[in-house]
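Every chain is numbered from 1 and lettered A, B, ... according to where its sequence line falls, protein lines coming before strand lines.
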Protein chains: 2
Amino acid sequence: MLMNQSPLAPMVRKLEQWATLTDVEREALLALPYVLQSLAPNEAIIKEGDRATHSCLLRSGFAYRQKLVRTGARQILAVHMAGDMVDLQNSLLRIADHGVLALTAAEVAFIPREAVLDVAFKHRTIGEALWFDTLVDGSLFRERIVGIGRRDGATRIAHLLCEFGLRLEVAGLGSHHEYELPMTQEELGDCLGLTPVHVNRMLRILSDEALIERKQRAVRIVDWAGLVRRGDFDGSYLHMRSECARLWNPVS
Amino acid sequence: MLMNQSPLAPMVRKLEQWATLTDVEREALLALPYVLQSLAPNEAIIKEGDRATHSCLLRSGFAYRQKLVRTGARQILAVHMAGDMVDLQNSLLRIADHGVLALTAAEVAFIPREAVLDVAFKHRTIGEALWFDTLVDGSLFRERIVGIGRRDGATRIAHLLCEFGLRLEVAGLGSHHEYELPMTQEELGDCLGLTPVHVNRMLRILSDEALIERKQRAVRIVDWAGLVRRGDFDGSYLHMRSECARLWNPVS
DNA sequence: CGCTCAGTTGAACCCGCTCAAGCTGCGTGG
DNA sequence: CCACGCAGCTTGAGCGGGTTCAACTGAGCG
């Protein structure tokens, strides 16, 4: 089993965060049919309103979900990174209620919706893991609602920086306290319900408070515990394995 | 099969919105083990941080999901009505990342988590319907993010009034253009990321614009098409059967 | 009849927005 | 190798939607 050479290997890695898979199950996942594709920044994976026939595994790069309002403003709903299944949501619901786009250059694998459902219901553990994955996405949406609804600008940004660092580290893409942000300040604003100008000012404040250091898009978190406090961050909502809890709960 | 007399009948009704069930499947659902309970307003169904062992069917009344921030502010994430499965999210994820409380007096049926999973994976159609149900919850979360992040107060309220009316009508609990709001203005505010004072003023504006009429909590939508426009409402995100589309798309 | 909770209204304030100008880094081409 | 262009970042000044604080009204209830 040459798992690491399969284009679908990142999906196996991801699902093993949620469940322990047997060899048979891993093979069943790797045997899924797929079509590979490379995407340029801002190229659409699926457009709002489209009929989704395929699910999409993000193999490299970053992607984001978005919705537009009548005035033309954009709201970014979530940012995804290599290993994420970026379109279980839309593909299972059939009609896409939101768009998914490449944030950076990205490689994706499209898997037919029916094949995903078949493997999910043939192998209960896989099914539970996929379902769980969509539920964790939901948990991130909930935390986003709380942030935008009830936290001020600086807190929102601090929170996002914590979340992003942790997710990158768990995905094996970097360190939680030093990484490259793949988005512009405008995109950050659309993510957090702020204007780019305000994002800029709030980032400066976090720097001035000696919580982070920045050089272009590179972020170094100088005072992790401080940023966690500043961002009112409690990572339980990420539903990661318990080992990670030390990162947002400095006491334990 | 005395379906209508089973306390679990509302769940069957709900799932049949998402899938066509056979008699065998209906019976399998009604045969699920459960424990009934009555709840007073603001009584907790599950608290944030608890280990969830049961899923919960809301048989009557209203319930809501919430998260608290450090400052003490509350964000209401979703409001649920009779027939909704209010805790698939938490119970499948095991550790509750948000609390669920009764909004009004309510009757619920607790179903063991494992029994739900068993029936979902034994009957694929049921499994798909339950999964679909959690995905639709996710879709509502996404729309909420858009509203709070990118729409102003009056628009948010108009949008919520449209959503609520439609959901009540589809659940068989009322008419989309005339119903009783089960929440206080403070709760509305916590739902929409506004203060109660501002909710009050925005409701007045919608009245002044002759879109709605109010008498205490009773809402009558005088100009449905106008409110849909005012609230930038497009109900696709509810993923209802296509017949409903006429309600938010006055053209067709 | 008086208490309490929800709703209503007014006035002052402030966080975040808007508009606008300048800056920085970097790719491109002459 | 420099000039140019452009996209993203930075900073300032003024404005406004929504908040905060506070007082008052009204309905339900013991």
Side-chain angles (χ1 to χ4, degrees), chain A residues 40-42 62 64 69 71-76 103-105 147-161 180-209 212-219 230 232, chain B residues 40-42 62 69 71-76 103-105 147-161 180-209 212-219 230-232:
Chain A
N42 292 313
F62 293 86
Y64 64 100
V69 298
T71 60
R74 167 178 68 170
Q75 177 66 46
I76 292 181
L103 180 58
T104 62
I148 300 181
R150 289 291 180 232
R151 293 200 259 251
D152 65 21
T155 309
R156 279 182 233 180
I157 298 214
H159 192 281
L160 181 131
L161 292 176
E180 191 89 5
L181 261 183
M183 24 185 175
T184 64
Q185 294 181 359
E186 179 166 13
E187 287 159 343
L188 274 172
D190 284 344
C191 209
L192 298 170
L194 299 171
T195 54
V197 174
H198 201 61
V199 168
N200 184 286
R201 294 200 237 261
M202 295 303 104
L203 281 170
R204 159 159 292 280
I205 285 180
L206 296 181
S207 297
D208 291 349
E209 291 176 357
I212 63 171
E213 279 173 7
R214 294 180 305 138
K215 199 184 292 173
Q216 271 116 253
R217 307 271 179 89
V219 177
R230 189 67 168 87
D232 191 18
Chain B
N42 292 312
F62 293 86
V69 298
T71 60
R74 166 178 70 170
Q75 176 67 47
I76 292 179
L103 180 57
T104 62
I148 300 181
R150 290 290 179 232
R151 293 201 259 250
D152 66 20
T155 309
R156 280 183 231 178
I157 297 213
H159 192 281
L160 181 131
L161 292 176
E180 192 88 6
L181 261 183
M183 23 185 176
T184 64
Q185 293 181 359
E186 179 165 15
E187 286 158 344
L188 274 172
D190 284 344
C191 208
L192 298 171
L194 299 170
T195 54
V197 173
H198 201 60
V199 169
N200 184 285
R201 293 199 238 261
M202 295 303 105
L203 281 170
R204 160 162 290 281
I205 284 179
L206 296 181
S207 295
D208 290 351
E209 291 176 357
I212 62 171
E213 280 174 5
R214 294 180 304 140
K215 201 184 292 175
Q216 270 115 254
R217 307 272 178 88
V219 178
R230 189 69 169 85
D232 191 18

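- Partners of Glu213(B) by side-chain contact (heavy atoms from CB on, under 4.5 Å), not counting sequence neighbours, listed by chain and number: Arg220(B), Val222(B).
- For Leu194(B), taking side-chain heavy atoms from C-beta onward, the closest of the listed nucleotides dG18(D), dT18(C), dG8(D) is dG18(D).
- Rounded to an integer number of Å, the gap from CG of Leu192(A) to P of dG16(C) is 12 Å.
- Annotation for Thr104(A) and Phe62(A): closest pair OG1-N, 3.0 Å, computed over non-hydrogen atoms.
- Rounded to whole Å, the distance from CG on Leu188(B) to P on dG18(D) is 15 Å.
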Close N or O pairs between protein and nucleotides 10-13 of chain C (under 3.5 Å):
{"unit_1": "dG10(C)", "atom_1": "N7", "unit_2": "Arg201(B)", "atom_2": "NH1", "d": "3.2"}
{"unit_1": "dA11(C)", "atom_1": "N6", "unit_2": "Arg201(B)", "atom_2": "NH2", "d": "2.9"}

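- One atom, CD1 of Ile205(A), and another, P of dG16(C), lie 9 Å apart when rounded to the nearest Å.
- Within 4.0 Å (heavy atoms only), Gly189(B) reaches no atom of the nucleic acid at all.
- Atom CG of Leu181(A) sits about 9.5 Å away from atom CZ of Arg214(A), to the nearest 0.5 Å.
- Residues meeting the side chain to side chain donor-acceptor pair (under 3.5 Å) test with Glu180(B), sequence neighbours left out: none.
- Put simply, CE on Met202(B) is 8 Å from C1' on dG17(D), counting in whole angstrom units.
- Per the geometry, CD belonging to Glu180(A) stands 14 Å off C1' belonging to dG8(D), to the nearest Å.
- You'll find that the side chain of Arg214(B) is closest to dT8(C), out of dT8(C), dC17(C), dA6(C).
- If you measure from atom CD1 of Ile148(B) to atom P of dG16(C), you get 15 Å, rounded to the nearest angstrom.
- Residues forming a salt bridge (charged side-chain N to carboxylate O under 4.0 Å, His left out) with Arg204(B) (at least two apart in sequence, or on another chain): Asp208(B).
- Summary of helix geometry: the two end axes of the helix from dC1(C)-dG30(D) to dG30(C)-dC1(D), each defined by five base pairs via their C1' atoms, are inclined to each other by 30° (rounded to 10°).
- In terms of heavy atoms, Arg156(A) sits closest to Ile148(A) at NH2-O, 3.5 Å.
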Run the side-chain donor-acceptor check on residues 184-199 of chain A: report pairs under 3.5 Å with partners two or more places apart or on a different chain.
{"unit_1": "Thr184(A)", "atom_1": "OG1", "unit_2": "Glu186(A)", "atom_2": "N", "d": "3.4"}
{"unit_1": "Thr184(A)", "atom_1": "OG1", "unit_2": "Glu187(A)", "atom_2": "N", "d": "3.1"}
{"unit_1": "Thr184(A)", "atom_1": "OG1", "unit_2": "Glu187(A)", "atom_2": "OE1", "d": "3.4"}
{"unit_1": "Gln185(A)", "atom_1": "OE1", "unit_2": "Asn200(A)", "atom_2": "ND2", "d": "3.0"}
{"unit_1": "Glu187(A)", "atom_1": "OE1", "unit_2": "Thr184(A)", "atom_2": "N", "d": "2.9"}
{"unit_1": "Asp190(A)", "atom_1": "OD1", "unit_2": "Arg150(B)", "atom_2": "NH2", "d": "2.8"}
{"unit_1": "Asp190(A)", "atom_1": "OD2", "unit_2": "Arg74(A)", "atom_2": "NE", "d": "2.7"}
{"unit_1": "Asp190(A)", "atom_1": "OD2", "unit_2": "Arg74(A)", "atom_2": "NH2", "d": "2.9"}
{"unit_1": "Thr195(A)", "atom_1": "OG1", "unit_2": "His198(A)", "atom_2": "N", "d": "3.4"}

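- Applying the side-chain contact (heavy atoms from CB on, under 4.5 Å) criterion to Asp232(A), with sequence neighbours excluded, gives Arg151(A), Thr155(A), Val69(B), Arg70(B).
- Near DNA chain C, meaning a heavy atom under 4.0 Å away, there are no residues from residues 150-158 of chain B.
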Set out, line by line, the N/O atom pairs under 3.5 Å between protein and nucleotides 28-30 of chain D.
none

Checklist line | Steps toward side chain to side chain contact (heavy atoms under 4.5 Å, CB included) verdict (Leu206(A), Leu161(A)) | finding: CA-CA 11 Å; Leu206(A) 296 181; Leu161(A) 292 176; 4.1 Å; yes

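- His198(B) places its NE2 atom 19 Å from the C1' atom of dA22(D), with the value rounded to the nearest Å.
- Looking at the side chain of Thr184(B), the nearest of the listed nucleotides dG7(C), dC9(D), dT20(D) is dG7(C).
- Between Asn200(B) and dT8(C) there is a side-chain polar atom (N or O) within less than 4.0 angstrom of OP1 or OP2.
- What you find for Pro41(A) and Ala105(A) is that their closest heavy atoms are CG-N, 3.7 Å.
- How far CD1 of Ile205(B) is from CD1 of Ile157(B): 9.5 Å, rounded to the nearest 0.5 Å.
- Between Leu203(B) and Ile212(B) the shortest side-chain heavy-atom distance falls below 4.5 Å.
- Regarding Glu186(B), its CD atom lies at a distance of 12 Å from the P atom of dT20(D), rounded to whole Å.
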